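Here is the structure we will look at.
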Amino acid sequence: MASRTAWIVATIVIILIIAGAAWYYAAKGGKGTQTTTATSSPAPSTTAPQTTSTPTTSAAPAKPELTGNIEKDIVSIAKYLAAQGIHQVEFRVASAGDPNSVMRVYAISEAAYRLNKIVESKGIDFKIVIKTEFRRGGGDKLAQDFETGFQANKNPDIMANSYKWIARFAEEGYILDITPYVEKYSEFIKDFYPSLLNAVKWKGKYYGLPQDTEARPLYWRTDVAQCIKEKTGEDILANLYDKVKSGEVTWHEVYKYAKLAVENKCSQWGVLHRKGSAHPDLIQFIFAFGGQLEDPATGKLVVDVPAVYKWLYVEWKMARDGLIPKDMMSWDWAKQIHPAVVCGKTLIWIGGTWHWTEWQTKPYCNGRPLTAEEVKRYFYYTLFPAGDHGDKPVTLSQPFVWMIASNAGKDNKDYAKYKDVYHMIAFLLIVKASDPDLVAIHSIISAHLPVTKKAAELINDKAWVQKLANLEIELSPEVKNAIADIVKKTVNDINVEFLANASKLLEYTKLTPMHPLYPKLADIFRDAVDKVLRGEMTPDKAVEYIISKVKADPELSKATEIKGEIPTNWQYP
């Protein structure tokens, strides 16, 4: 019995020991034998894991944004495109004008050359290639071809043309709004003359940069004037510049002098002027007779009937009296107009500053160009005279501007993906093409007025001008070869002096409207001039013709005001 009791007690003790042990471990949260495994695990690391076994790669260049630093910007663009496998891009630039204005395309070539040198110096495999197209003559046909080409996606990427196309092309979406880029280049833009910046804006936004500008003086042949003096005693050149400036000599006196020249057989013609478009040389008549082309209060175009009538009457009267050719508007520039002017067959030429050097490079008279000394000897120049006594003399400028097509860079790889980058390149090209030396070169060799202050300073730097004359300045071989002959004939003290004096005419300059329908109205004026010169219409009928054409075009009619009446008591001459 005692042994049985001892066995029961021993069993109870063992059970209590096991229960106590179980309670102890449960209270500690332990799991018995698993504690060994936990204590043998490595402590958590506070440093980055070792990656020595993974190859190291450079981060791809981020998509560039313009900063206002052209070297930094072209390098970041070149790195970015090269990283995408694009090592060469191509742009086309087109322009038109007199034969000496080739820098309107070669400035872009030179810009690409200079940007490529920056990229090359950084060891980046990337290059900009430029194709150029330069046409002789006005830019209207070029603009029309640009418009047609755009619709077929075959237009040039950059174009230098008259500012008058900006409004129309901006409205149509053909050209790029570069306002965000210009804002990045705010320091660069300050070098342009402020008045010219208004010529590249439409509705407050930038659609281009100024390329050049000019004045449109009246050229007077000194040898014809001397002939008149010898035969009649009338010294028309005596203080003529000041007499025109003061309004003493008007288009009434111009008629008288032209008649003296023809009647005394000192010249075949009294007055010659441009063919084709009435814009902008002949438009000066409207301003000279105190008229307007645009109403600033309404923004509408204006047919100023009294001024337009007087302009057409002057043309009609002179043509009837044999002072202006009846077929003037169809003469050939190179075969008829310039040879007649340069060989002294007219007393007066309504021209532009650029003709001053054009006559020095083109063989218009007896198979040879004039020398700078001959141009200075034969041509006296004044403002465009006032219409009537009491009116004011004028001149008119038509700034040429760089415009970037809104599809610029379209012919390059993956255009849809990188078009904003291609647009930046196009902008940098026109910025670099505005380097002071390139603007100054264009001004001197083409007799266009500089658009930036730094370029004007260079033109007045005789040492730099001499280096240009010797072509001892840094230019790409392509551009240096292209302009070598023009430089040889035009870079001299006489032409630099002309630029300085002609720049003073800008004090009197006016611009034609930037209205998108203005080119259409100018074409109607052109047709009216042609009709009165030929005698197909009298001046009053020509005014009626203009009004009827405007009213027949719903769009133009809505945008145009007809102001005033044909004067009834006006006498001319």
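This one's a predicted model, so the numbers in the text were calculated from it and none came from an experiment.
Under the 3.5 Å distance criterion, the side-chain polar atoms of R168 are left unmatched by any main-chain donor or acceptor of Y518. Although no hydrogens or angles enter the test, the distance criterion places a donor-acceptor pair under 3.5 Å between the side chain of Y380 and the main chain of Y241. With hydrogens and angles ignored, the 3.5 Å screen pairs a side-chain donor or acceptor of N412 with a backbone N or O of E90. Side chain of R274 to main chain of I350: no donor-acceptor pair is present (N/O by atom type, distance under 3.5 Å, no hydrogens or angles). A donor-acceptor pair under 3.5 Å is formed between the side chain of N460 and the backbone N or O of A456. D295 contributes a side-chain N or O that, together with a main-chain N or O of A297, makes up a donor-acceptor pair within less than 3.5 Å. Looking only at distances, a side-chain donor or acceptor of D157 sits under 3.5 Å from a matching main-chain atom of G409. With hydrogens and angles ignored, the 3.5 Å screen pairs a side-chain donor or acceptor of N161 with a backbone N or O of G139. Within the 3.5 Å criterion, the main-chain N or O of K243 finds a donor-acceptor partner in the side chain of S246. Between the side chain of D332 and the main chain of K335, a donor-acceptor pair closer than 3.5 Å is present.
Here the straight-line distance linking atom CE of M159 with atom CZ of R104 works out to 12.0 Å at 0.5 Å rounding. To the nearest 0.5 angstrom, L511 atom CG is 9.5 Å from Q398 atom CD. Rounding to the nearest 0.5 Å gives a distance of 4.5 Å between CD1 of I158 and CD1 of I108. Atom NZ of K317 is separated from atom CH2 of W251 by 15.5 Å, given to the nearest 0.5 angstrom. Once rounded to the nearest 0.5 Å, the distance linking CG of N495 with CD1 of I444 reads 8.5 Å. In this structure, CD on E315 lies 7.5 Å from CE on M329, to the nearest 0.5 angstrom.
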Atom pairs and distances, side-chain donor-acceptor, residues 386-393, under 3.5 Å, sequence neighbours left out:
residue	atom	partner	partner atom	Å
D388	OD1	H252	NE2	2.6
D388	OD1	W570	NE1	3.0
D388	OD2	K310	NZ	3.0
D388	OD2	W570	NE1	3.1
H389	NE2	E248	O	3.3
H389	NE2	E253	OE1	3.3
H389	NE2	E253	OE2	3.2
D391	OD2	D388	N	3.0

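Within a 6.0 Å radius of CD in E133, other residues, nucleotides and ligands contribute more than 12 heavy atoms. Other residues, nucleotides and ligands contribute at most 12 non-hydrogen atoms within 6.0 Å of the CD atom of E65. Other residues, nucleotides and ligands contribute only 12 or fewer heavy atoms inside 6.0 Å of the NZ atom of K454. Under a cut-off of 6.0 angstrom, the local environment of NZ in K453 is crowded, with over 12 non-hydrogen atoms contributed by other residues, nucleotides or ligands.
Between E171 and W202, the side chains place a donor N or O and an acceptor N or O closer than 3.5 Å (distance only, hydrogens not considered). Looking only at atom types and distance, the side chain of N100 has a donor-acceptor partner in the side chain of T361 under 3.5 Å away. Remark: the T67 side chain and the N69 side chain contain no N/O donor-acceptor pair separated by less than 3.5 Å.
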Next on the checklist: Let's go through D73 and Y181 carefully: what are the C-alpha distance in whole Å and the side-chain angles of both, what is the deciding distance for side-chain hydrogen bond (donor to acceptor under 3.5 Å, both in side chains) to 0.1 Å, and is it a yes or a no?
Outcome noted: CA-CA 11 Å; D73 288 343; Y181 302 158; over 6 Å; no

Checklist entry - So L293 and D304, side chain to side chain contact (heavy atoms under 4.5 Å, CB included) or not? Walk me through it. => result CA-CA 7 Å; L293 272 169; D304 193 311; over 6 Å; no

Item to check | Stepwise salt bridge (Lys or Arg N to Asp or Glu O under 4.0 Å) check, D140 with K164 | outcome: CA-CA 10 Å; D140 288 357; K164 71 177 181 177; 2.9 Å; yes

Next on the checklist: Run D98 and S101 through side-chain hydrogen bond (donor to acceptor under 3.5 Å, both in side chains) and show every step you take.
Outcome noted: CA-CA 6 Å; D98 64 276; S101 289; 2.6 Å; yes

Next on the checklist: Go through it in stages, so that I can follow the logic: the residues are Q292 and K563, the test is side-chain hydrogen bond (donor to acceptor under 3.5 Å, both in side chains), and I'd like the CA-CA distance, side-chain angles, deciding distance and then a yes or no.
Outcome noted: CA-CA 10 Å; Q292 61 178 163; K563 290 190 174 182; 3.1 Å; yes

Next on the checklist: Let's go through Q211 and Y163 carefully: what are the C-alpha distance in whole Å and the side-chain angles of both, what is the deciding distance for side-chain hydrogen bond (donor to acceptor under 3.5 Å, both in side chains) to 0.1 Å, and is it a yes or a no?
Outcome noted: CA-CA 10 Å; Q211 190 272 325; Y163 78 102; over 6 Å; no

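Ring-plane geometry between W354 and H448 is classed as parallel, the angle between the planes falling under 30 degrees on a 0 to 90 degree scale with a further cut at 60. The aromatic rings of H338 and W333 sit tilted, their planes meeting at an angle between 30° and 60°. The aromatic rings of F498 and W356 lie parallel to each other, their planes meeting at an angle below 30°, with 60° marking the opposite boundary.
Tested against F285, the residues F384, Y309, Y313 include a single ring-ring contact (aromatic ring centres under 6.0 Å, His included) partner, F384. A side-chain contact (heavy atoms from CB on, under 4.5 Å) with V341 is found for exactly one of Y364, Y219, F379, namely F379. Evaluated for a side-chain hydrogen bond (donor to acceptor under 3.5 Å, both in side chains) with R216, the options T395, T509, D281, T353 yield exactly one hit, D281.
Looking at Q151 and Y174, their side chains come closer than 4.5 Å, going by heavy atoms from C-beta outward. In this structure the side chain of L505 reaches within 4.5 angstrom of the side chain of L383, judged on heavy atoms.
The ring of F146 has its center closer than 6.0 angstrom to the ring center of F169.
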